[in-house]
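I have placed the structure first, in the form of C-alpha cells, so that the comments after it can refer back to it.
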Amino acid sequence: QVQLVESGGGLVQAGGSLRLSCAASGSTFGSFAMGWFRQAPGKEREFVAAVSRSGDGTYYDNSVEGRFTISRDDAKDTVYLQMNSLDPDDTAVYYCAANAGGIVAGRGDLYEYWGQGTQVTVSS
C-alpha cells in the first residue's frame with residue numbers, strides 16, 4: 001500500500017512553468033514505477049508521463065514531450081513533473097499514480113494507487 005499526495009499546482013500564464021511534486025508514504029517507493037495523468041473538465045483522464053523504478057526509463061505522451069520532464073528522488077520518496085512552455089490546453093487536474101508491477105506505461109488501469117490531484121490552470 002502507498003499513499004500519494006500531489007502539490008505544486010496553481011495558476012500560471014501561458015508560456016510559464018510549474019513543477020509538480022508527488023510525495024509517497026507507506027511502502028517502498030523504489031519498488032513502484034510512477035506516472036502522471038491529467039483530467040480536464042468534461043474530458044477523460046489522459047496519460048502525461050511515466051518513469052521507471054530506477055529513474056532511467058521515461059515515457060511521455062506526444063502532447064507534452066519536449067516540454068515536460070518526469071523525474072524521481074527515491075531519497076525523498078517523491079516524483080516530480082517539471083512543466084515548461086505551458087499552454088491553456090494543459091489546464092487540468094493532475095494526478096500521480098503508482099504501479100507496483102514496475103511497468104512504464106500510459107494505461108491508467110495498470111496503476112494501483114492514485115493521489116487526490118492538484119489543479120493546474122494556464123491562462124492565455
Side-chain angles (χ1 to χ4, degrees):
Q1 188 98 12
V2 64
Q3 291 77 45
L4 304 172
V5 179
E6 302 94 337
S7 61
L11 174 64
V12 63
Q13 288 189 332
S17 298
L18 281 175
R19 188 176 82 155
L20 305 184
S21 300
C22 173
S25 62
S27 190
T28 306
F29 179 68
S31 66
F32 293 91
M34 300 297 295
W36 286 96
F37 292 76
R38 66 187 181 186
Q39 187 167 20
K43 295 187 178 180
E44 294 187 352
R45 182 184 64 197
E46 64 179 12
F47 169 72
V48 176
V51 61
S52 64
R53 289 166 169 161
S54 68
D56 292 340
T58 57
Y59 175 46
Y60 297 92
D61 183 78
N62 289 339
S63 65
V64 306
E65 184 142 28
R67 299 188 299 124
F68 291 10
T69 302
I70 188 171
S71 62
R72 64 189 299 158
D73 184 342
D74 286 5
K76 296 182 178 179
D77 290 350
T78 300
V79 62
Y80 304 99
L81 185 68
Q82 178 67 43
M83 306 186 295
N84 298 329
S85 300
L86 283 162
D87 183 90
D89 287 343
D90 296 316
T91 295
V93 178
Y94 283 70
Y95 300 90
C96 77
N99 173 352
I103 302 170
V104 180
R107 283 174 48 188
D109 61 344
L110 295 177
Y111 293 81
E112 296 93 345
Y113 305 102
W114 294 80
Q116 293 300 306
T118 186
Q119 176 70 47
V120 172
T121 303
V122 184
S123 63
S124 57

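Please read these numbers as outputs of a predicted model, since none were measured by experiment.
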Open item on the list: So, applying side chain to side chain contact (heavy atoms under 4.5 Å, CB included) with M83, which one of V120, D90, V122 is it?
Closed with: V120

Could you pull out all residues at least two apart from [X] that satisfy salt bridge (charged side-chain N to carboxylate O under 4.0 Å, His left out)?
X	value
D61	none
R19	none
E65	none

Of all the heavy-atom pairs spanning [X] and [Y], show the shortest one and how long it is.
X	Y	result
L81	W36	CB-NE1, 3.5 Å
G30	D74	CA-OD2, 3.7 Å
Y95	Q116	CE2-O, 3.4 Å
S85	S17	N-OG, 4.4 Å
G106	F37	O-CE2, 3.5 Å
L11	S123	CD1-CB, 4.3 Å

By side-chain hydrogen bond (donor to acceptor under 3.5 Å, both in side chains), which residues pair with [X], not counting sequence neighbours?
X	result
S7	none
T121	Q119
E112	none

Open item on the list: Are there over 12 heavy-atom neighbours, none belonging to Y113, within less than 6.0 Å of that residue's OH?
Closed with: yes

Task: Listed once per pair and sorted, the salt bridge (charged side-chain N to carboxylate O under 4.0 Å, His left out) pairs that draw on residues 77-89, sequence neighbours left out - done: none

Open item on the list: So Q3 and V5, do their side chains get closer than 4.5 Å, heavy atoms only?
Closed with: no

Task: R67 and Y60, any side-chain heavy atoms less than 4.5 Å apart - done: no

Task: In one Ile/Leu/Val/Met/Phe/Trp/Tyr side-chain cluster, 4.5 Å: V104, I70 - done: no

Open item on the list: Would you say V93 ends up clustered with W114 if hydrophobic residues are merged whenever their side chains have heavy atoms under 4.5 Å apart, either directly or through other cluster members?
Closed with: yes

Let me check something: any side-chain donor-acceptor pairs from residues 39-51 under 3.5 Å, sequence neighbours excluded? List them with distances.
unit_1 : atom_1 : unit_2 : atom_2 : d
Q39    : NE2    : K43    : O      : 3.0
E46    : OE2    : R38    : NE     : 2.6
E46    : OE2    : R38    : NH2    : 3.1

Task: disulfide bond (SG atoms under 2.5 Å apart): pairs with one or both residues in residues 13-78, sequence neighbours excluded - done: C22-C96

Nearest-0.5 Å distance, [atom1] of residue [X] to [atom2] of residue [Y]:
X	Y	atom1	atom2	result
T58	F68	OG1	CZ	14.0 Å
E6	T78	CD	OG1	11.5 Å
S124	Q13	OG	CD	9.5 Å

Task: Co-members of Y80 in a cluster of I, L, V, M, F, W and Y side chains, linked at under 4.5 Å - done: none

- [ ] Any side-chain hydrogen bond (donor to acceptor under 3.5 Å, both in side chains) involving residues 97-111? Give me the pairs, sequence neighbours left out, ordered by first then second residue.
- [x] R107-D109

Open item on the list: If the condition is ring-ring contact (aromatic ring centres under 6.0 Å, His included), which residues does Y94 pass it with, not counting sequence neighbours?
Closed with: none

